[in-house]
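Computed from a prediction, not measured in an experiment: that's the story for all the values here. Residue numbers start at 1 and run along the sequence shown.
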Amino acid sequence: MFGEMNNLNEIAVEILSRSLDAILVVESTNQIVYSNPSLSDLSEYSEKELIGKVFSVLFPLEKTSQEKDIHPLFFNKGEGNSAQKSIRELELQTKTGYFIPVEIRAFPIQHNGSNQRLFAGVIRDIRERKRLEDQKTLLISSLKRLAFIDELTMLPNRRSFFDSLHKAIATVRRRNRHSVVAVIDIDFFKQINDTYGHDMGDMVLRKMGKIYTDSLRDEDIIGRIGGEEFACILPDTEIEGAQIVLERLRNSVRSHQFFIMENFYLNVTISIGFTQILGDKQVEDMLKLADLALYEAKNSGRDQVKAYKPH
């Protein structure tokens, strides 16, 4: 029986030495009494350097914000104050000071039938898992952005703008505050595409987005709702104030020179129609009223700002 136990111990040691996971054993005094080769590979410490060191050499207290005792760091308390197996994510500090995200599975073990309490930790490098999780988070963020942001101008897209207008209508209805919605159209944009190409048309659209953002107030909302058509919401603004803000926007575009080639610039104008937001109307209704004002601006010669006037 004794020989069989020795054989089993030798097999166990062999298994531990070949494990891809890093393994350590710690005394209740927090000193490391065993480490396998994988832990040396991960931590950059040799087995000789680790034995006798306290576990905080691998898991610094200032990084984990834990107490100096091993129990609250690695274990949960079970019934009768006996430490139960715990799985936790921590950061292991290497010999050269590099931090590696790891998952540690820790549990108490008995040593040769004695009353000495030992604790084992199986440590797995989770850098690849974290990298994949970061990629997934980035992908989800990108998909959300695609759902609500116009990729060309980086402004809110039609869906996002409609959501904002819906909220603006609800705010007007609830608080009885004056707000305005405007529709903005680039004059003769088709001619720009036909004459200079779609790349130049895209450049104009991108630049328009920046001009609009720079010309409007921080609280105003501007979005691209289709083709060369943009729309904006001016919260807490009456018709007279909106006329001033939108005229300033129109002049900002009119005075800007769009670079085509050396010593050749393109001048662009816009037409704007706007209306006061009514709390009893739907999003589509508000845009239709603003569109009527926009048609009037275009029919009056373009490069103008017109307010909707009920007949």
K.L.:
Considering only heavy atoms from C-beta outward, does the side chain of Y212 approach that of I184 to under 4.5 Å?
P.N.:
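Y212 reaches I184 side chain to side chain.
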
K.L.:
Can you confirm whether I272 sits close enough to Q304 that some side-chain heavy atom of one is under 4.5 Å from a side-chain heavy atom of the other?
P.N.:
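Of all side-chain heavy-atom pairs linking Q304 with I272, none is under 4.5 Å.
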
K.L.:
I need the K130 NZ to T137 OG1 distance, nearest 0.5 Å.
P.N.:
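With rounding to 0.5 Å, NZ (K130) is 9.5 Å from OG1 (T137).
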
K.L.:
Check whether any side-chain heavy atom of T153 sits under 4.5 Å from a side-chain heavy atom of F230, and report yes or no.
P.N.:
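Counting from C-beta outward, T153 and F230 do come under 4.5 Å.
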
K.L.:
Between R124 and D21, what is the shortest heavy-atom contact and its length?
P.N.:
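So the two residues come closest at NH2-OD2, 2.7 Å.
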
K.L.:
Does any non-hydrogen side-chain atom of F189 lie less than 4.5 Å from one of V268?
P.N.:
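V268 does not reach F189 side chain to side chain.
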
K.L.:
Identify which one of L58, V122, N36 satisfies the side chain to side chain contact (heavy atoms under 4.5 Å, CB included) criterion when paired with L24.
P.N.:
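That would be L58.
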
K.L.:
Treating Ile, Leu, Val, Met, Phe, Trp and Tyr as nodes and any side-chain heavy-atom pair under 4.5 angstrom as an edge, say whether I32 and V54 lie in one connected cluster.
P.N.:
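I32 and V54: separate clusters.
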
K.L.:
Same hydrophobic cluster for I186 and Y196, using side-chain heavy-atom links shorter than 4.5 Å among ILVMFWY?
P.N.:
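Yes, I186 and Y196 fall within the same hydrophobic cluster.
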
K.L.:
With rounding to the nearest 0.5 Å, note down the distance linking OG in S215 to NE2 in H256.
P.N.:
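Spacing of OG (S215) from NE2 (H256) equals 10.5 Å.
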
K.L.:
Do I149 and L216 sit in one hydrophobic cluster, given that two such residues count as connected whenever their side-chain heavy atoms are within less than 4.5 Å of each other, even indirectly?
P.N.:
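No, no single cluster joins them.
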
K.L.:
How close do L234 and R217 get, heavy atom to heavy atom, and via which atoms?
P.N.:
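Of all heavy-atom pairs spanning L234 and R217, the closest is CB-NH2, 3.7 Å.
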
K.L.:
Find out whether L92 and F59 are in side-chain contact, i.e. whether some heavy atom of one side chain is under 4.5 Å from a heavy atom of the other.
P.N.:
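Yes; the side chains approach each other to less than 4.5 Å.
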
K.L.:
What distance separates I225 CD1 from F162 CZ, expressed to the nearest 0.5 Å?
P.N.:
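Atom-to-atom, I225:CD1 and F162:CZ are 6.0 Å apart.
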
K.L.:
For the atom pair CG (L165) and OG (S179), what is the distance rounded to the nearest 0.5 Å?
P.N.:
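Atom-to-atom, L165:CG and S179:OG are 10.0 Å apart.
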
K.L.:
Out of L292, L289, D291, which one pairs with V183 under the side chain to side chain contact (heavy atoms under 4.5 Å, CB included) rule?
P.N.:
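Result for side chain to side chain contact (heavy atoms under 4.5 Å, CB included) with V183: D291.
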
K.L.:
Please check this pair: side chain of R127 against backbone of I100, looking for a donor-acceptor N/O pair closer than 3.5 Å.
P.N.:
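Not a single qualifying donor-acceptor pair exists.
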
K.L.:
Can you check salt bridge (charged side-chain N to carboxylate O under 4.0 Å, His left out) on K309 and E296, steps first, answer last?
P.N.:
CA-CA 10 Å; K309 297 177 181 177; E296 183 182 350; 5.5 Å; no

K.L.:
Nearest 0.5 angstrom please: D187 CG to R302 CZ, how far?
P.N.:
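Going from CG on D187 over to CZ on R302, the span is 5.5 Å.
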
K.L.:
Looking only at heavy atoms, what is the nearest atom pair of F161 and I221, with distance?
P.N.:
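Closest pair (atom of F161, atom of I221, distance): CE1-O, 3.9 Å.
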
K.L.:
Distance under 6.0 Å and angle within 45° of the ring axis: does R159 meet both against F148?
P.N.:
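Yes, a cation-pi geometry.
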
K.L.:
Taking all heavy atoms of R250 and all of D303, pick out the closest pair and write down the distance.
P.N.:
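What the structure gives for the nearest pair is NH1-OD1, 3.0 Å.
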
K.L.:
Start with the C-alpha distance between E89 and V102, add both sets of side-chain angles, then the distance that settles side-chain contact (heavy atoms from CB on, under 4.5 Å), and finish with yes or no.
P.N.:
CA-CA 6 Å; E89 289 186 8; V102 298; over 6 Å; no

K.L.:
Would you mind checking if K136 and E133 are paired as a salt bridge, meaning a charged N to carboxylate O distance below 4.0 Å?
P.N.:
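Not counted as a salt bridge, because no side-chain N and carboxylate O are separated by less than 4.0 Å.
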
K.L.:
Can a donor-acceptor pair be found, under 3.5 Å and without considering hydrogens, that links the side chain of D125 to the backbone of A22?
P.N.:
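Not confirmed, D125 side chain does not pair with A22 backbone.
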
K.L.:
Applying salt bridge (charged side-chain N to carboxylate O under 4.0 Å, His left out), which residue pairs with at least one partner in residues 42-53 are found, sequence neighbours left out?
P.N.:
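Listed once each, the pairs are E49-K95.
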
K.L.:
List the steps, then state whether side-chain contact (heavy atoms from CB on, under 4.5 Å) holds for L50 with S43.
P.N.:
CA-CA 9 Å; L50 286 172; S43 68; 4.0 Å; yes

K.L.:
Can you tell me if R173 uses its side chain to pair, donor with acceptor, with the backbone of N176 under 3.5 Å?
P.N.:
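A pair under 3.5 Å: no.
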
K.L.:
Please answer whether the main-chain N or O of I192 pairs with a side-chain N or O of T195 as donor and acceptor at a distance below 3.5 Å.
P.N.:
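Absent.
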
K.L.:
Do T275 and V181 have side-chain heavy atoms sitting under 4.5 Å apart?
P.N.:
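Contact flag for T275/V181 side chains = yes.
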
K.L.:
If you count the non-hydrogen atoms of other residues, nucleotides and ligands that lie under 6.0 Å from CD1 in I140, is the total more than 12?
P.N.:
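More than 12 within 6.0 Å, yes.
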
K.L.:
Would you check if there is a donor-acceptor pair between the side chains of D185 and S271 at a distance under 3.5 Å?
P.N.:
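No, no side-chain donor-acceptor pair sits under 3.5 Å.
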
K.L.:
Please check: side-chain N/O of D220 versus main-chain N/O of C232, any donor-acceptor pairing under 3.5 Å?
P.N.:
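Side chain of D220 to backbone of C232: no pair is present.
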
K.L.:
Are more than 12 heavy atoms, taken from residues, nucleotides or ligands other than R254, located less than 6.0 Å from that residue's CZ atom?
P.N.:
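Open: at most 12 neighbouring heavy atoms sit under 6.0 Å from CZ of R254.
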
K.L.:
Check the hydrophobic clustering (I, L, V, M, F, W, Y; side-chain heavy atoms under 4.5 Å; chains of links allowed) and say if I239 and L246 are grouped together.
P.N.:
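Yes, same cluster.
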
K.L.:
Around atom CD of Q282, are there more than 12 heavy atoms from other residues, nucleotides or ligands closer than 6.0 Å?
P.N.:
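Not buried by this count: 12 neighbours or fewer within 6.0 Å.
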
K.L.:
Between S40 (side chain) and Y45 (backbone), is there a donor-acceptor pair under 3.5 Å?
P.N.:
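Pair found, side chain donor or acceptor close to backbone of Y45.
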
K.L.:
Which pair of heavy atoms, one from M286 and one from Q276, lies closest together, and at what distance?
P.N.:
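Heavy-atom minimum between the residues: SD-O, 3.7 Å.
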
K.L.:
Can you check whether P235's main-chain N or O pairs, donor with acceptor, with T237's side chain at less than 3.5 Å?
P.N.:
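Pair found, side chain donor or acceptor close to backbone of P235.
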
K.L.:
With the side chain counted from C-beta on, respond yes when M208 and F258 share a heavy-atom pair under 4.5 Å apart, and no when they do not.
P.N.:
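Yes, their side chains come closer than 4.5 Å.
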
K.L.:
Ignoring hydrogens, what is the shortest heavy-atom contact between M200 and M203? Give both atom names and the distance.
P.N.:
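For M200 versus M203, the nearest heavy atoms are SD-CE, 3.0 Å.
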
K.L.:
Is the shortest side-chain heavy-atom distance between F274 and Q243 below 4.5 Å?
P.N.:
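F274 vs Q243: side chains touch.
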
K.L.:
Are Y98 and I126 linked, directly or through intermediate hydrophobic residues, by side-chain heavy-atom contacts shorter than 4.5 Å (ILVMFWY only)?
P.N.:
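No, I126 does not connect to Y98 through the hydrophobic network.
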
K.L.:
When rounded to the nearest 0.5 angstrom, what is the spacing between NZ in K210 and CG in L205?
P.N.:
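With rounding to 0.5 Å, NZ (K210) is 16.0 Å from CG (L205).
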
K.L.:
Check whether any side-chain N or O of N157 sits under 3.5 Å from a backbone N or O of A147 as a donor-acceptor pair, and report yes or no.
P.N.:
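It does hold such a pair.
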
